[in-house]
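Below is one structure; the comments refer to it alone.
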Amino acid sequence: MAEGPVRTGKPRGNLPPLDLYVPEPKYRPGDTVDYSHLQIPEPGLLARPDEACEAGATWPLTLDMIRVLDDDHRATGPWDPHLDPETLRRMLATMALTRAFDDRMYRGQRQGKTSFYMKSTGEEAISIACAHALAADDMVFPSYRQQGILIARGYPLVEMVNQIYSNRADPLKGRQLPIMYSAKDYGFFSISGNLATQFPQAVGWAMASAIKGDTRIATSFVGEGSSAEGDFHAAMTFAAVYNAPVVLNVVNNQWAISSFSGFAGAERTTFAARAAGYGIAGLRVDGNDILAVYAAMEWAANRARANKGPTLIEHFTYRAEGHSTSDDPSAYRSAREAEDWPLGDPIMRLKKHLIALGEWSDEQHEAMDRDLAEQVKAATKEAEKNGILGHGLHHPFHTMFEDVFEELPWHLQEQAEQAIRERQTKWPEWKE
């Protein structure tokens, strides 16, 4: 019997040995940060194609970056959405309210009132601008840093805190991890801890809307790390094949939990450039410029509503703080990265824009921040009456067996009774 080739792992002939490339971030803790490698274009230079254009007309935009606010805090170029000052002030207040809410919930977690929290510091413009550009009844399939959409749509802060504290007023009955909100009446689909599942869900919802002849579109958000998941590519395929009325967003905040964007493919090209591979429209936008984000989402939403198909938007931004309260970013990135981020802070940029227009002032901003902090404080105190972590004020114990079957099967009924007996034996002082 003839023997096959012997594989020794050694080079053959003059062929060099193969090398495996492993991406490495440019900066580690203690390193000096230099963002000169980033290509940040001047604002206002990119053309705005017609919303009904061929998808290929947008592909040059996926390698560039849509920007509106210039260094003098003025809106410039064809992507300027020309929003009135009152709308801009409302967007500014919503961003500031989202940050105030994040700050208080972060402190609450550190005080032991909840087990977990995730802030959206530095990324507020993305959720707030998108909420304003969408119709109120468009369906949102969020990731876990889009709390600003709920706030922009008027979801009560008290109810958000109840969900975070998993207390007796929590409409989800304590069945979700804190920050994984669900608000059906506000078009906000339940957040999932399984990364990127929301992308194909959004596409499927959009396809169903088209099948029914509805007028509502869907949108979804993932981080750049989650774009390496198979669900991302499945969603892109279905969106392209069926021309789904959906806007798919990649929030490129440079870091997943502790791995930088290179592990998701950022070193090869932009995330927006993936649109070309699927034959759909794509945009890349300055995620800290709320006017640019609004303009991009409005363009993509109008395109979807006109039956011209899906759009992939990359929001280029930076996660200013830890991935969550369980994360310490100082262990894997330079502390100077957030401070030196060249696209600035979205709240400060809009504030300075309004001041440049003569429609705002530092004094008004300080007064607004104080008022918003009091609003969040009052909502938190009200929610705390319904209980915090470890308080015993939660939904009745038996509810953990409910809401799956219309009628509880006999075996689950037995399990429920056993669990309740054991609980009463172990903690007789706890009442339902």
Side-chain angles (χ1 to χ4, degrees), residues 55-56 58-59 61-62 123 126-127 130-131 133-135 138-146 149 180-182 184 187-212 214 216-253 256 261 263-266 268-285 287 293 296-297 299-317:
T58 69
W59 296 342
L61 302 178
T62 67
E123 301 177 36
I126 297 168
S127 56
C130 289
L134 293 165
D138 287 335
M139 192 66 183
V140 177
F141 290 78
S143 181
Y144 35 63
R145 250 179 267 278
Q146 277 77 57
I149 292 178
M180 291 190 178
Y181 312 98
S182 180
K184 182 177 181 180
F188 195 90
F189 195 79
S190 303
I191 298 176
S192 171
N194 298 319
L195 298 181
T197 56
Q198 63 270 27
F199 249 41
Q201 290 165 349
V203 174
W205 193 97
M207 290 168 59
S209 184
I211 290 169
K212 293 187 295 184
D214 203 344
R216 295 178 295 166
I217 66 170
T219 189
S220 187
F221 298 80
V222 294
E224 86 287 342
S226 296
S227 73
E229 295 282 339
D231 278 345
F232 172 89
H233 300 282
M236 292 285 284
T237 299
F238 273 80
V241 170
Y242 295 101
N243 211 45
V246 64
V247 183
L248 298 171
N249 301 272
V250 175
V251 180
N252 179 9
N253 63 15
S261 58
F263 281 104
R268 301 296 180 180
T269 187
T270 68
F271 292 98
R274 296 181 183 180
Y278 290 94
I280 68 173
L283 304 172
R284 186 166 180 258
V285 62
V293 175
M297 176 56 79
W299 186 95
N302 289 343
R303 180 179 177 84
R305 234 179 287 280
N307 289 312
K308 297 302 180 181
T311 302
L312 178 69
I313 302 178
E314 176 188 348
H315 303 267
F316 195 73
T317 183

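- In this structure, Ser220 contributes its side chain and Phe141 its backbone to a donor-acceptor pair below 3.5 Å.
- Across every non-hydrogen atom of Ala281 and Ala55, the tightest pair is N-CB, 3.6 Å.
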Given the rule in the side-chain contact (heavy atoms from CB on, under 4.5 Å) test, do Cys130 and Gln146 qualify, once you have shown the distances and angles that lead to the verdict?
CA-CA 10 Å; Cys130 289; Gln146 277 77 57; over 6 Å; no
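- Side chains of Arg274 and Ser227 form a contact here, defined as non-hydrogen atoms less than 4.5 Å apart.
- Residues Ser127 and Arg145 fail the side-chain proximity criterion, which asks for heavy atoms closer than 4.5 Å.
- Without hydrogens or angle criteria, Asp138 side chain to Ile217 main chain gives a donor-acceptor distance under 3.5 Å.
- Taking the centre and axis of the six-membered ring of Phe316, the NZ or CZ atom of Arg284 falls inside the cone set by 45° and 6.0 Å.
- Atom CD of Glu224 is separated from atom NE2 of His315 by 12.5 Å, given to the nearest 0.5 angstrom.
- Of all heavy-atom pairs between Ser226 and Leu195, the closest is OG-CB, 3.6 Å.
- To the nearest 0.5 Å, the span separating CE on Met180 from OG on Ser192 amounts to 6.5 Å.
- The distance from the CD atom of Glu314 to the OG1 atom of Thr62 is 9.0 Å, given to the nearest 0.5 Å.
- Counted by atom type alone, Asn249 and Thr219 present one or more donor-acceptor pairs between their side chains at under 3.5 Å.
- Atom CZ of Phe263 has more than 12 heavy atoms from other residues, nucleotides or ligands within 6.0 Å.
- Between Phe199 and Phe232, the ring planes are parallel. Angles under 30° get that label, and only those over 60° would be called perpendicular.
- Residues Ser190 and Ser182 come closest through the heavy atom pair OG-OG, 2.6 Å.
- A distance of 10.5 Å separates CE of Met207 from CG of Asn243, quoted to the nearest 0.5 Å.
- When atom types are taken as modelled, the side chain of Thr270 and the backbone of Ala273 share a donor-acceptor pair closer than 3.5 angstrom.
- Annotation for Ala218 and Ala202: closest pair CB-O, 3.6 Å, computed over non-hydrogen atoms.
- Between the side chain of Trp59 and the main chain of Ile280, a donor-acceptor pair closer than 3.5 Å is present.
- For CZ of Phe238, the number of neighbouring non-hydrogen atoms (other residues, nucleotides, ligands) closer than 6.0 Å is 12 at most.
- Pairing each heavy atom of Phe189 with each of Pro142, the nearest pair is O-CD, 3.4 Å.
- In this structure a side-chain-to-backbone donor-acceptor pair under 3.5 Å is missing from Asp231 to Gln198.
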Between Phe221 and Ile313, is a side-chain contact (heavy atoms from CB on, under 4.5 Å) present by the stated rule, with each step listed?
CA-CA 9 Å; Phe221 298 80; Ile313 302 178; over 6 Å; no
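- Counting only heavy atoms from C-beta outward, the side chains of Tyr278 and Leu248 never approach each other to under 4.5 Å.
- Rounding to the nearest 0.5 Å places OG1 of Thr197 at 9.5 Å from CD of Glu229.
- Between Val250 and Leu312, some side-chain heavy-atom pair lies under the 4.5 Å cut-off.
- Put simply, OH on Tyr242 and CD1 on Ile211 are 9.5 Å apart, with the number rounded to the nearest 0.5 Å.
- In this structure, the side chain of Ser209 does not engage the main chain of Ala206 through any donor-acceptor pair within 3.5 Å.
- Here the closest heavy-atom approach between residue Ala239 and residue Val246 is recorded as CB-CG1, 4.1 Å.
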Give the intermediate values and the outcome of side-chain contact (heavy atoms from CB on, under 4.5 Å) for residues Val251 and Glu123.
CA-CA 9 Å; Val251 180; Glu123 301 177 36; 3.5 Å; yes
